[in-house]
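Note sheet for the following structure.
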Amino acid sequence: MLLQTILTALAATPLHGVVAKPLHPRQIAQPGPSNIETEYNISIQGVLDNIGGGSKASGVYTGVILASPSTQEPNYSYTWTRDAALTMKMIVEDFIHGRTSFREQIQLYVSTQAILQTVSNPSGALGSGRGLGEPKYYSNLTRFNGDWGRPQRDGPALRATALITYSRWLLNSTDTANHDEANNVWDVIQNDLIYVAQYWNQTGFDLWEEVNGSSFFASAVQHRALVEGAALGKLLGKDVSAYESQAPNMLCFLQSYWNGEYILANINTEPGFNRTGIDANSVLGVITTYDPEASCDDSTFQPCSDRSLMNLKAYIDVFRAIYTINKNATATDAVAVGRYAEDIYVDGNPWYITTLAVAEILYYAKAQWANNDIVITDRTLPFWQYVYPSAQEGTYKPGQNETDHLLAAIVDTGDSFVDKTFEYIPEGGGLAEQFSRENGAPLSARDLTWSYAAFATMRNARVAALDNGPSVQSWGAPSKLARFGTCSPGSITGTYKPAVNAGAPDTAPPCTVLITFNLNATTFYGENLYLFGNTSDLGNFSVNDALAGTAKEYTDEHPLWKFVVELPPAETVEYSYLRKEPDASVIVETVHRAFAVPGCPADGSLGDALVEDVWVAPGK
Ligand code: NOJ
Ligand code: NOJ
């Protein structure tokens, strides 16, 4: 309350009364609490409307979180593991802070995710764990066979985090039924933690589903999940040695994203990747691994750390020059920001989640400085001069006058990004995915669940920063496990099991076999090859559900198309290949092929087999 009062006083006093140094010149006409509360309520309703059973989620499995009700340009009527988990993280936090009606949504999330974990898909199946990296499913919980950037390895970690937060609440309660529930939820969490411990060091697609490599966002959320997962598992009396052994390796690896000036969003990328690496990926990664009890720690990239502040400044500045709607902004104004400068998706625009993320990260940093000195160094001075032009190097302790001015300027800057976002929120308060870089009009998917969830977490962060209200839960960033790195590229293989007590069907095959189909077929640029067959894994001979091949190893001498598919053991499948032409026409092979999938290795591990085929007919 005190800070709120100070802020209000500062805003109301043009001469700034007792303030020794001139405040930041930016004037916020409306610090906006009432606007924010209105939009917050719209956002919570916006989230609920998009969950199966909600008013904009017709045909969606009850409790499944739709990305957006938009069915064309773009079609977002799927459930993404990432979007759903980030949304659920917000819902769980709100539940813990007293919104008891959210419990039902949380329990439906547990049971639908338990089911989804068992749905085999183009990334793989549960038995090998590989299927957990699938980014999205149809909203009726069936597999999506279409071409996509997969796997995406942030999903299991984010889901674990949402469920761990809920489980800690269950365990803290005195009701033993809640403890039983925590044990059931653990079975879902455990699959995700094993996945992280096994695959964290393998490349995958980033959160924007475009870049194959290592993604800061994914690595940061994976590290968080293992640290808090180990702590929760211990409370439940589980063996957590795998998570404890990998978390330090991941902390070491996380450091490789820092280039001395900003966080590189993507590393270990493929040849041809050509971006600066400045990307909302890192800002969102910092937000998602914020720990209210942490110090301004560089190694876990906490919001108030030097690294995060330098990165934030670099990130904001990129968008000043490139968007028309920012062209009148001065060097100290807030601007609309997007994913990354080189973005071309829908022509590359500012996004609601990213512009709100700047505010959220600043509110979190402000809260951390309640217990930590602000240390302005030559590295962070440019950041500080952006929020507070007269800032100088030095150490500012909590409670000092100048510290309060710096903190007020931080909140002021955060508010300016919220106000900037409000300029582009249409009448009625709906939040789409993007707004036009040219004129600010909403673009791409309407009513994006993630946009609403992002507004809600920003609002909660602001309340916590200003009122010293309840904050998000600590994940253990200050704990010993999260502070010591060991630099080995380890991986631990575990056993994945359907979380039957949490709602999963017990029908998944205990093991699968990884089949590589090598097809020798000459194609021309723009012509693509697909595989389909007589089982649901192979798309039931439906052209739309055929599996895309890759031509990465294709050469003129060796026209190789590759298909990698995980199939249940000991079944004979029928299949054919087909070509999709640049004009969208389809040429289906006239031959019907058959292949007997071998049984699984005796030790239950993932078996494999290689099939060599040659395109037969028609033609080519
Ligand atoms: C859809 C993805 O969701 C989006 O992030 C991406 O930019 C486009 N596909 C283009 O690859
Ligand atoms: C595209 C975004 O790039 C991706 O991050 C998101 O998961 C999907 N849209 C669904 O909202």
Side-chain angles (χ1 to χ4, degrees), residues 37 40-57 60-67 79-117 139 141 155-156 158-192 225 228-229 231-233 235-236 288 449-450 452-457 459-461 463-464 469-475 499-504:
E37 288 310 300
Y40 170 65
N41 291 328
I42 291 172
S43 294
I44 293 291
Q45 192 55 47
V47 166
L48 292 175
D49 288 347
N50 286 353
I51 303 181
S55 68
K56 292 185 178 158
V60 175
Y61 194 101
T62 306
V64 166
I65 303 174
L66 202 59
T79 184
W80 267 263
T81 305
R82 170 184 37 262
D83 298 44
L86 287 168
T87 303
M88 188 46 55
K89 183 170 180 272
M90 180 281 286
I91 289 179
V92 169
E93 294 283 358
D94 272 22
F95 167 73
I96 292 174
H97 295 144
R99 200 189 288 263
T100 51
S101 62
F102 273 172
R103 181 131 189 210
E104 193 195 341
Q105 295 301 347
I106 300 171
Q107 290 174 327
L108 285 169
Y109 178 72
V110 172
S111 56
T112 52
Q113 298 304 308
I115 297 170
L116 274 182
Q117 285 187 333
S139 66
L141 299 184
L158 293 168
R159 177 164 58 202
T161 282
L163 295 178
I164 289 165
T165 311
Y166 177 53
S167 296
R168 277 199 309 253
W169 178 88
L170 290 171
L171 286 184
N172 275 337
S173 96
T174 48
D175 185 345
T176 55
N178 286 342
H179 299 183
D180 296 343
E181 189 178 336
N183 270 295
N184 296 340
V185 177
W186 173 259
D187 295 344
V188 182
I189 296 171
Q190 177 168 253
N191 286 329
D192 288 338
E228 60 186 342
L232 174 70
L235 289 177
L236 290 166
T288 313
T449 310
W450 190 357
Y452 289 126
F455 194 95
T457 55
R459 177 269 185 189
N460 293 342
V463 170
S471 184
V472 295
Q473 314 298 302
S474 166
W475 55 270
V500 175
N501 291 334

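These numbers come from a predicted model, not from an experiment.
Taking OH from Tyr166 and CD1 from Ile106, the interatomic distance works out to 6.0 Å, rounded to the nearest 0.5 Å. A distance of 15.0 Å separates CD1 of Ile51 from OH of Tyr61, quoted to the nearest 0.5 Å. Considering CD of Gln113 and CG of Asn191, their distance stands at 12.0 Å, rounded to 0.5 Å. To the nearest 0.5 Å, atom CH2 of residue Trp450 and atom CG of residue Leu86 are 5.5 Å apart. Taking CG of Leu170 as the reference point, atom CZ of Arg103 lies at 5.5 Å (rounded to 0.5 Å). Within the model, atoms CD1 of Ile91 and CD of Gln105 stand 6.0 Å from one another, a figure rounded to the nearest 0.5 Å.
Open room surrounds CD on Glu104; 12 or fewer heavy atoms of other groups in view lie less than 6.0 Å from it. Within 6.0 Å of the OH atom in Tyr40, the count of heavy atoms belonging to other residues, nucleotides or ligands exceeds 12.
Taking every heavy atom of both residues into account, Ile44 and Ala456 meet most closely at CD1-CB, 4.2 Å. Taking both residues in full, the closest heavy atoms of Asp83 and Thr87 are given as O-OG1, 2.7 Å, listed atom of the first, atom of the second, then distance. The two atoms that bring Ala84 and Ile65 nearest to each other are O-CD1, 3.6 Å, heavy atoms only. Here the closest non-hydrogen pair linking Val60 and Ser139 is CG2-OG, 3.7 Å. Shortest non-hydrogen contact noted between Pro470 and Ala464 is O-CB, 3.5 Å. Taking every heavy atom of both residues into account, Asn50 and Ala67 meet most closely at ND2-O, 4.4 Å.
A donor-acceptor pair under 3.5 Å links the side-chain atoms of Thr449 to the main chain of Leu66, judged by distance alone. With hydrogens and angles disregarded, no donor-acceptor distance shorter than 3.5 Å links the side chain of His97 to the backbone of Val472.
Side-chain atoms of Asn41 and Glu37 form no donor-acceptor pair, as typed in the model, at a separation below 3.5 Å. For the residue pair Glu93/Thr165, the side-chain donor-acceptor check at 3.5 Å is not satisfied.
Listed by chain and number, the residues in a salt bridge (Lys or Arg N to Asp or Glu O under 4.0 Å) with Asp94 are Arg99 (sequence neighbours excluded).
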*Decide side chain to side chain contact (heavy atoms under 4.5 Å, CB included) for Lys89 and Leu158; before the verdict, give the C-alpha distance in whole Å, the side-chain angles of both, and the deciding distance to 0.1 Å.*
CA-CA 8 Å; Lys89 183 170 180 272; Leu158 293 168; 5.9 Å; no

*Assess whether side chain to side chain contact (heavy atoms under 4.5 Å, CB included) is satisfied between Asp180 and Asn501, documenting all intermediate values.*
CA-CA 10 Å; Asp180 296 343; Asn501 291 334; over 6 Å; no

*Decide side chain to side chain contact (heavy atoms under 4.5 Å, CB included) for Leu232 and Glu228; before the verdict, give the C-alpha distance in whole Å, the side-chain angles of both, and the deciding distance to 0.1 Å.*
CA-CA 6 Å; Leu232 174 70; Glu228 60 186 342; over 6 Å; no

*Assess whether side chain to side chain contact (heavy atoms under 4.5 Å, CB included) is satisfied between Val92 and Gln473, documenting all intermediate values.*
CA-CA 10 Å; Val92 169; Gln473 314 298 302; over 6 Å; no

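Within the 4.5 Å cutoff, the side chain of Trp475 has no heavy atoms near those of the Thr288 side chain. Taking the side chain as every heavy atom from C-beta outward, Val500 and Asp187 never approach each other to under 4.5 Å. Residues Tyr109 and Arg159 are in side-chain contact: their nearest non-hydrogen atoms beyond the backbone lie under 4.5 Å apart. At a threshold of 4.5 Å between non-hydrogen side-chain atoms, the residues Thr112 and Thr79 do not count as touching.
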